[in-house]
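Working notes, structure below.
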Amino acid sequence: MTSSDAFISIRNVNKFFGGFQAIDDVSMDIGKGEFFSLLGASGCGKTTLLRMLAGFESTSSGEILIDGQPTADVPPHHRPVNMVFQSYAIFPHLNVRDNIAYGLRKQRLPKAKRQEMVEEMLDLIKLPGYGTRKANELSGGQRQRIALARALILRPKVLLLDEPLGALDKQLREQMQLELRALQRQVGITFVFVTHDQEEALTLSDRIAVMSGGKVLQVDTPHGLYEAPRTREVASFIGNMNFFPATVRRNGASAGAVETEGLGTIPVPLDILTKPDGAPVQVALRPEKFALSDTRPDGALAVQARLSTSAYLGERSHHYVTIDGREEPVAVSTPNLHRLAGDDAGTGAPVWLSWTPESIVILDAE
Amino acid sequence: MSDGTYIRRPNRPLQIYAVIFLIVLYVPVLFIPMFSFNDSIYVRFPLQGFTLQWYGELWTREPVWNALWNSVKVGLVVSVISTVLGVVAARAITRYRIPGKGTMVTFIMMPLVIPGIIFGVALLVLLSRMGVPLSLYTVGLGHLIICLPFGVATLLPRFEGFDPSMEEASADLGENGWWTFWRVTFPMVFPGVVASLLLTFTISFDEFIMAFFLTGTDPTLPMYIWGQLRFPQEFPSVLALSALILFVSFFLVFVAQRLGRAGLDNGNT
Ligand SMILES: Nc1ncnc2c1ncn2[C@@H]1O[C@H](COP(=O)(O)OP(=O)(O)O)[C@@H](O)[C@H]1O
Ligand SMILES: [Mg+2]
């Protein structure tokens with residue numbers, strides 16, 4: 001993303017609550033129409049950052065531009081953004097229709113037009129005919145949709161969502177994820193979505209900012225975060241990862257390799273080796289990048305290992321194998337492509353652990 | 001004990017205690033309406049027969065109407081002011097991080113436990129030092145001190161059970177503070193406001209001690225009753241008046257209690 005098509009620009013933003021720093025020098029750009037997620041553990045500052053976009057918290061330093069406009073002096077009720085609150089904040093004294101139409105007062109529309117817009121929204125969120133329901137007659141999922149409709153009816157430039165699916169049960173959550181993604185494509189509004197659920201972020205987002213302790217660790221596409229994490233923290237936050245201490249080996253200008261503890265020497269293209277010869281690095285490999293076999297596979301890189309434990313999970317099986325030169329077992333995840341009957345190797349059985357050089361990620365040493 | 005859980009099962013001694021408690025509390029009070037219908041100027045058994053004479057006499061008596069009007073005026077002003085201040089105080093207490101908040105709440109609630117006579121004397125000394133003449137205004141001031149904690153106590157639970165993100169949602173949807181207050185905050189706390197108005201009005205209307213110290217030439221209704229107690233022949237009318245005040249007060253407080261809790265029990269999220 002270049003900063004010219006940035007729709008929201010967050011520049012060197014810090015936020016202090018008293019002496020406590022909740023946001024630590026965050027800079028990033030969010031594009032128009034993007035589904036952008038803030039992902040991180042509870043307490044890492046996601047809500048604080050979102051509330052700064054909405055105008056409920058000021059920035060201690062740095063600036064936030066929305067659609068090219070500085071926002072420092074703009075109060076929440078004048079910002080072209082709307083928010084779906086974690087608690088949904090459905091007004092209990094109003095029915096569904098009046099909740100959805102709440103923000104339309106200032107537009108001074110004829111009653112019929114307003115009615116029509118509300119009906120349109122009810123259709124969009126798949127709750128037609130719910131206009132006269134009272135707020136306390138709604139389920140969690142319905143409240144969530146009403147909150148969405150109440151914000152979307154104002155055609156905001158940006159919709160902010162603070163863990164909107166956190167209060168729903170698993171099945172409803174998965175359904176709402178699909179609907180939310182479809183809805184965002186349909187209305188074409190920029191979504192900034194807060195979640196602590198990495199799977200949810202990966203499923204929904206165009207891009208994700210991974211946060212920790214008030215800092216943004218990496219901003220990337222789901223694919224980029226998963227396949228090319230830049231730090232060990234990101235790598236282990238998104239999915240599982242095996243880490244192997246390693247050393248860079250450069251053989252002149254033609255070939256490069258990393259010499260690992262446990263996986264031997266792995267040849268790598270020179271252009272991904274940024275460190276000089278002899279520099280310590282880490283090699284990271286996701287469990288599903290490994291394969292297990294009884295015989296040494298042709299062509300692939302492989303080492304002899306012993307099966308420590310196996311767990312059958314339906315689609316996949318998870319295994320831990322131990323290899324020479326490494327105390328910690330290696331996590332391996334294999335697809336159950338064939339229906340096998342009782343040929344699971346027992347504990348301690350010798351197997352071959354193999355992988356391809358393309359699947360490794362090289363990270364800075366700790 | 002076939003029905004009810006461990007916590008809810010009926011507790012016989014507790015029920016008996018509650019009944020005795022209510023009898024001891026209310027039987028003496030019930031003598032007042034009973035004797036107010038008694039056809040005798042003496043308050044003693046046996047009852048002499050039923051009459052509405054004492055109520056009729058009240059109706060025709062000018063000073064009673066004056067005293068009633070004085071009490072209503074003071075009660076209305078005091079209830080409105082203490083409820084408005086109560087709304088402001090309850091909102092401040094629940095919304096903002098104020099240093100020393102707990103101490104502040106304690107001080108607001110203090111008049112509940114300080115004897116009225118102390119406040120009455122203190123105010124009387126202060127006002128006479130400042131040369132303020134005693135009038136219905138000074139009575140109102142005294143009543144305000146007594147009523148404010150009741151207003152705050154009635155309104156606080158309303159504001160406490162109120163998700164702050166409601167007001168943020170309103171701001172987010174484009175309304176400024178003024179409109180947010182009238183479209184969200186006020187409707188949500190409205191039952192509490194009505195409850196506070198009724199309760200503080202009743203307390204002011206019934207109040208005697210402050211009025212005793214701070215009344216000028218215009219008596220409130222309780223002061224008028226106090227004045228009439230010197231005349232034995234007036235006693236039955238006093239009983240009739242007391243009975244009326246009793247029923248009105250009971251009704252108002254009952255309504256206030258119901259309203260104060262309305263919507264708090266069933267998922268006011
Ligand atoms: N108004 C506030 N005053 C003081 N500390 C706050 C305030 N809001 C948030 N914090 C602190 O800032 C940190 C980040 O909070 P938050 O943004 O809510 O995290 P998240 O949404 O990622 O769980 C937390 O440690 C929280 O306690
Ligand atoms: Mg949060």
Side-chain angles (χ1 to χ4, degrees), chain A residues 17-18 47 50-51 53-57 74-95 98-108 134-140 143 146-156 158-164 167, chain B residues 83 87 90-92 94-102 154-197 258-269:
Chain A
F17 290 113
T47 297
L50 204 67
R51 288 171 60 82
L53 292 175
F56 296 125
E57 305 283 359
V74 185
H77 60 277
H78 286 149
R79 292 198 183 195
V81 305
N82 284 120
M83 183 149 166
V84 173
F85 288 81
Q86 197 162 7
S87 63
Y88 307 146
I90 302 296
F91 303 126
H93 59 291
L94 300 178
N95 64 20
D98 293 341
N99 261 286
I100 294 178
Y102 187 88
L104 295 178
R105 181 187 65 83
K106 282 198 274 192
Q107 302 183 14
R108 307 223 168 276
K134 296 257 290 280
N136 59 10
E137 297 167 1
L138 301 169
S139 69
R143 284 163 172 270
I146 309 288
L148 210 55
R150 187 174 69 177
L152 285 176
I153 201 169
L154 301 175
R155 301 261 152 223
V158 182
L159 188 69
L160 309 171
L161 304 103
D162 192 358
E163 309 209 17
Chain B
T83 300
V87 167
R91 193 171 186 288
T94 50
R95 282 293 174 284
Y96 304 108
R97 296 166 186 240
I98 311 168
K101 188 191 281 181
T154 311
L155 288 158
L156 255 187
R158 275 277 151 193
F159 278 89
E160 272 166 355
F162 185 129
D163 178 1
S165 59
M166 293 288 172
E167 285 169 340
E168 287 181 348
S170 170
D172 187 67
L173 294 167
E175 295 294 20
N176 59 22
W178 171 258
W179 280 99
T180 293
F181 181 81
W182 287 112
R183 293 189 73 191
V184 173
T185 316
F186 189 75
M188 285 180 66
V189 299
F190 180 72
V193 168
V194 177
S196 166
L197 283 174
R258 295 295 293 264
L259 277 175
R261 278 205 306 267
L264 279 186
D265 305 332
N266 46 17
N268 179 35
T269 48

Item checked: Atom NZ of K134(A) with >12 non-hydrogen neighbours under 6.0 angstrom -> no
Next item on the list: Inspect the surroundings of CZ in F56(A) and state if more than 12 heavy atoms from other residues, nucleotides or ligands are less than 6.0 Å away.
Entry: yes
Notebook entry, point to check: Looking only at heavy atoms, what is the nearest atom pair of M188(B) and P92(A), with distance?
Noted result: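 Shortest heavy-atom separation between M188(B) and P92(A) comes out as CE-CG, 3.5 Å.
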Note to self: Looking at every heavy atom in both E175(B) and H77(A), which two are closest together, and how far apart are they?
What the structure shows: O-CB, 3.5 Å
Check: Looking at H93(A), H78(A), R79(A), M83(A), which makes the most heavy-atom pairs under 4.5 Å with chain B?
Finding: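 With the most close heavy-atom pairs to chain B, the winner is H93(A).
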Below 4.5 Å, heavy atoms only, C-beta onward: do [X] and [Y] meet side chain to side chain?
X	Y	answer
S165(B)	Q86(A)	no
R105(A)	W179(B)	yes
D163(B)	F85(A)	no

Next item on the list: Taking D172(B) for its side chain and P76(A) for its backbone only, find out whether a donor-acceptor pair lies under 3.5 Å.
Entry: no
Item checked: Check: R183(B) side chain, Y102(A) main-chain N or O, donor-acceptor pair, under 3.5 Å ->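 Yes, because the side chain of R183(B) sits within donor-acceptor range (under 3.5 Å) of the backbone of Y102(A).
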Note to self: Once rounded to the nearest 0.5 Å, what's the spacing between atom CD of E167(B) and atom CZ of F91(A)?
What the structure shows: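 One gets 9.5 Å once the value is rounded to the nearest 0.5 Å.
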